[in-house]
Amino acid sequence: VSQSRYNGFTGLSKDLEMLEKDLKKLCGVGGTNKDGEILLQGDYRDKVLNYLISIGYKAKKAGG
């Protein structure tokens, strides 16, 4: 099972929880957040990146 990690979030924990919920709904997958990092089941980097940029986050693709 592949898993994508999204980290570097700065903000309130309730905001991270809401973002996690939105990303899981957007991608139609399960996931969790732990220690400021959102984990989604599968590779959704492009979809997540485009979504984050569209809602005003400064985001960039990292990793392989």
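Because the structure is a prediction, the values reported are computed rather than measured.
Note that the CD atom of Gln41 and the OG1 atom of Thr32 stand 10.0 Å from one another [nearest 0.5 Å]. Remark: Leu19 CG to Ile38 CD1 distance equals 4.0 Å, nearest 0.5 Å. How far CG of Asp22 is from CG of Leu52: 10.0 Å, rounded to the nearest 0.5 Å. We find the CG-CD1 distance between Asn50 and Ile55 to be 12.0 Å, quoted to the nearest 0.5 Å. Note that CG of Leu16 and NZ of Lys34 are 13.5 Å apart. Values are rounded to the nearest 0.5 Å. To the nearest 0.5 angstrom, Leu39 atom CG is 8.5 Å from Glu20 atom CD.
A salt bridge is absent between Glu17 and Lys21: the closest approach of a Lys/Arg side-chain nitrogen to an acidic carboxylate oxygen does not fall below 4.0 angstrom.
Ile53 and Met18 fall into different hydrophobic clusters, where Ile, Leu, Val, Met, Phe, Trp and Tyr are joined by side-chain heavy atoms under 4.5 Å apart, directly or via other members.
Applying the side-chain contact (heavy atoms from CB on, under 4.5 Å) test to Lys47 and every residue at least two apart in sequence or in another chain returns Leu26, Cys27, Tyr44.
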